[in-house]
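One structure below.
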Amino acid sequence: MTSSPDPRAFLYREGLDPDAALRLTREALQRCDDGELYLQYMASESFTFDDGRLKNADFNTQAGFGLRGLSGETTAFAHANELSEAAIRRAAQTLTLLDPAAAGIAPPPRRTNARLYTDADPLTLIPFAEKVALCQKIDAFARGRDPRVAQVTCALVGSWSVVEIVRPDGFVATDVRPLVRLNVQIVVEQNGRRESGYFGLGGRYLYDKLFADETWQRAVNEAIRQGLVNLESVAAPAGEMTVVCGPGWPGVLLHEAVGHGLEGDFNRKGTSAFSGRLGERVAAPGVTVIDDGSIGERRGSLSIDDEGTPTQENILIEDGILKGYIQDRLNARLMGVAPTGNGRRESFAHAPMPRMTNTFMLGGNDDPDEIIGRAKNGIYARSFGGGQVDITSGKFVFSCTEAYKIENGKLGAPIKGATLIGDGPTVLTRVRAIGNDMALDEGVGICGKGGQSVPAGVGQPTLLIDGLTVGGTA
């Protein structure tokens, strides 16, 4: 492994030196409660291999800054893809519209020596030809596994981002963030019927993990397995029934239906179903929900958030009792609490807001096989696709990409077309069993909020939920 270049060489390559950045930040934010100059350089690439051919290969670099000032509840924000003194001075004119702050600048984030991932650039360590060759191997391996494989699509994606946060009080923090991902989608065909299976994985590490034979072959095998299961699927039943959700990726339901409702901005404004309920029981006994951005190499992890605050473990719900919310600096200051390391932004062109990192439910004591037996009749949801949630009410709709009937306490036929319908606060109170198999997802999550997308992680153990509405076609 080679060492990465000095990040500052990228950030200031257009003539903006560190002293000038600090001086301009002080001048721009002298009348603000809080704020920062956010500098970023990012390189990204993607390869798409479909139907035996390389269909797409993209490489992109961008650099720029975002300048934000806060006065009370008001935010002024300006950005540009030009790293120069002149551009920052122009952006600073936006901040003159703010009313002068009365309290003075908020104290800076605490310092940290945490390093949750490598500084090395994953894009440069493996040649272009080897990345294309991996896609070719995936295609050939998949087609050789089963004659029913009709189409193979794989995507290899990587990025390397250098960020620097400059505050008017002299606080400066730098983070170098790698991110890689591999997606495999397989279409299988039998007797004129076509179904698909999918598997993806990734994290904040280098490509070498994805290039290991056991890794990409597992991705292929899982995608084929899911596709073949779906070939045997029957129409999903409909109605209110017991639902068992599998471990790992099904935690995306928890992320959407509950996690967003625990973000500080929604609760400060009173628009979340969880607003004003700290200290109350909001879930069944045994339900503990955590957001933790400090887990090494995870997709949703960050050494520091996009305001410079170190990430940490945040207990949101403990044994069913609501303990806290996810906070950035703005909402934490206005709510009189400490930031939790959850101020995140998509890029320099976006202002930060409270966002999840890795959000998951802790495991319990129940055996997963016994949980299915206790369900007697219902469905077992092993994997989810897309979903929608209303933050105010917590109501959600999720589609299942792999699910099975539960009949007489045993897994039955796979089903197709099942959707889960409910609301997050109610679902949490209907958890009747919590498995001892808690798992985090494989590293494919993308969280959307306010027009911004950021990488995120989810996880949970096997869960038994009573009385969830299932939408089906049978």
Side-chain angles (χ1 to χ4, degrees), residues 44-51 54-58 117 122-123 126 131-132 134-139 141-142 145 149 151-159 177-188 195-230 245-256 295 297-301 356-360 381-387 398-403 439-448 453-460:
S44 61
E45 66 180 8
S46 64
F47 301 83
T48 303
F49 201 85
D50 183 39
D51 206 20
L54 182 66
K55 289 293 183 70
N56 183 68
D58 287 334
Y117 29 77
L123 280 59
I126 294 180
K131 297 166 186 173
V132 177
L134 174 64
C135 296
Q136 292 172 325
K137 287 195 292 185
I138 289 173
D139 182 86
F141 181 77
R145 294 294 290 170
V149 172
Q151 184 176 355
V152 181
T153 304
C154 68
L156 187 65
V157 182
S159 67
R177 301 168 177 173
L179 189 65
V180 296
R181 176 173 169 176
L182 173 67
N183 301 329
V184 178
Q185 184 167 1
I186 306 289
V187 176
V188 292
E195 296 290 349
S196 64
Y198 165 84
F199 190 82
L201 71 164
R204 293 198 178 277
Y205 44 76
L206 303 180
Y207 276 136
D208 52 357
K209 289 191 178 184
L210 301 182
F211 276 65
D213 288 346
E214 62 271 19
T215 301
W216 62 262
Q217 288 179 9
R218 181 169 71 93
V220 171
N221 289 334
E222 278 297 301
I224 293 176
R225 182 200 61 76
Q226 188 179 91
L228 295 178
V229 164
N230 287 331
C245 293
W249 177 245
V252 68
L253 189 153
L254 179 76
H255 169 105
E256 294 289 355
I295 308 172
E297 297 189 335
R298 296 297 306 180
R299 181 173 172 84
S301 293
M356 285 172 279
T357 55
N358 305 298
T359 310
F360 52 92
R382 192 176 192 272
S383 186
F384 289 111
F398 270 89
S399 61
C400 299
T401 54
E402 183 182 350
L440 297 174
D441 75 294
E442 297 279 356
V444 298
I446 297 174
C447 173
S453 295
V454 297
V458 301
Q460 68 173 39

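What you are looking at is a predicted structure, and each value in this text was computed from that prediction instead of being measured.
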| query | With sequence neighbours left out, what residues match Trp249 under side chain to side chain donor-acceptor pair (under 3.5 Å)? | reply | none
| message | If the condition is side chain to side chain donor-acceptor pair (under 3.5 Å), which residues does Gln151 pass it with, not counting sequence neighbours? | response | Asp50
Is it the case that the side chain of [X] and the backbone of [Y] share a donor-acceptor pair, with hydrogens and angles ignored and the cut-off at 3.5 Å?
X	Y	result
Gln460	Gly246	yes
Asn358	Gly300	yes
Ser301	Ile295	yes
Asp139	Cys135	no

Of all heavy-atom pairs between [X] and [Y], which one has the smallest distance, and what is that distance?
X	Y	answer
Ala456	Cys447	CB-CB, 3.9 Å
Thr153	Thr48	CG2-CG2, 4.4 Å
Arg298	Arg204	O-CG, 3.5 Å
Ala219	Leu201	CB-CD2, 4.1 Å
Gly457	Asp441	CA-OD1, 3.5 Å
Arg382	Pro250	O-CG, 3.4 Å

State, yes or no, whether a side-chain contact exists between [X] and [Y] at a heavy-atom distance under 4.5 Å.
X	Y	answer
Tyr207	Leu156	yes
Ile446	Val454	no
Asn56	Ser46	yes
Phe384	Thr401	no
Phe398	Val252	yes
Asp58	Glu45	no
Glu195	Gln226	no
Val132	Gln136	yes

| query | Given Phe141 and Asn221, is the side chain to side chain contact (heavy atoms under 4.5 Å, CB included) satisfied, shown in steps? | reply | CA-CA 9 Å; Phe141 181 77; Asn221 289 334; 3.7 Å; yes
| Among all residues two or more places apart in sequence or in another chain, which pass the side-chain contact (heavy atoms from CB on, under 4.5 Å) test with Ser399? | Thr419
| request: Sequence neighbours left out, what passes side-chain contact (heavy atoms from CB on, under 4.5 Å) with Ala142? Give chain and number order. | output: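 Per chain and number, Ala142 pairs via side-chain contact (heavy atoms from CB on, under 4.5 Å) with Val152, Ile186, Val220, Ile224.
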| Candidates Ile126, Leu206, Leu182, Val180 - the one meeting side-chain contact (heavy atoms from CB on, under 4.5 Å) with Phe211 | Ile126
| Got a sec, which residues hit salt bridge (Lys or Arg N to Asp or Glu O under 4.0 Å) with Lys137, two or more places apart in sequence or on another chain? |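 For Lys137 there are no salt bridge (Lys or Arg N to Asp or Glu O under 4.0 Å) partners, ignoring immediate neighbours.
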| said: Test of understanding: with salt bridge (Lys or Arg N to Asp or Glu O under 4.0 Å), list the residues that count as partners of Arg218, not counting sequence neighbours. | reply: Glu442
| said: Evaluate Val458 against Leu440 for side chain to side chain contact (heavy atoms under 4.5 Å, CB included), listing each step before the verdict. | reply: CA-CA 6 Å; Val458 301; Leu440 297 174; over 6 Å; no
| task | List the steps, then state whether side chain to side chain contact (heavy atoms under 4.5 Å, CB included) holds for Leu179 with Tyr205. | result | CA-CA 6 Å; Leu179 189 65; Tyr205 44 76; over 6 Å; no
| query | Atom CZ in Arg145, atom CG in Leu228: separation rounded to 0.5 Å? | reply |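 Those atoms lie 10.5 Å apart.
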| Atom pair CG (Leu123) and OG (Ser44), whose distance is rounded to the nearest 0.5 Å |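 With rounding to 0.5 Å, CG (Leu123) is 7.5 Å from OG (Ser44).
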| message | Let's go through Phe49 and Ile138 carefully: what are the C-alpha distance in whole Å and the side-chain angles of both, what is the deciding distance for side chain to side chain contact (heavy atoms under 4.5 Å, CB included) to 0.1 Å, and is it a yes or a no? | response | CA-CA 9 Å; Phe49 201 85; Ile138 289 173; over 6 Å; no
| task | Output yes when Glu214 and Lys209 qualify as a salt bridge under the 4.0 Å nitrogen-oxygen rule, no when they do not. | result |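 No salt bridge links Glu214 with Lys209.
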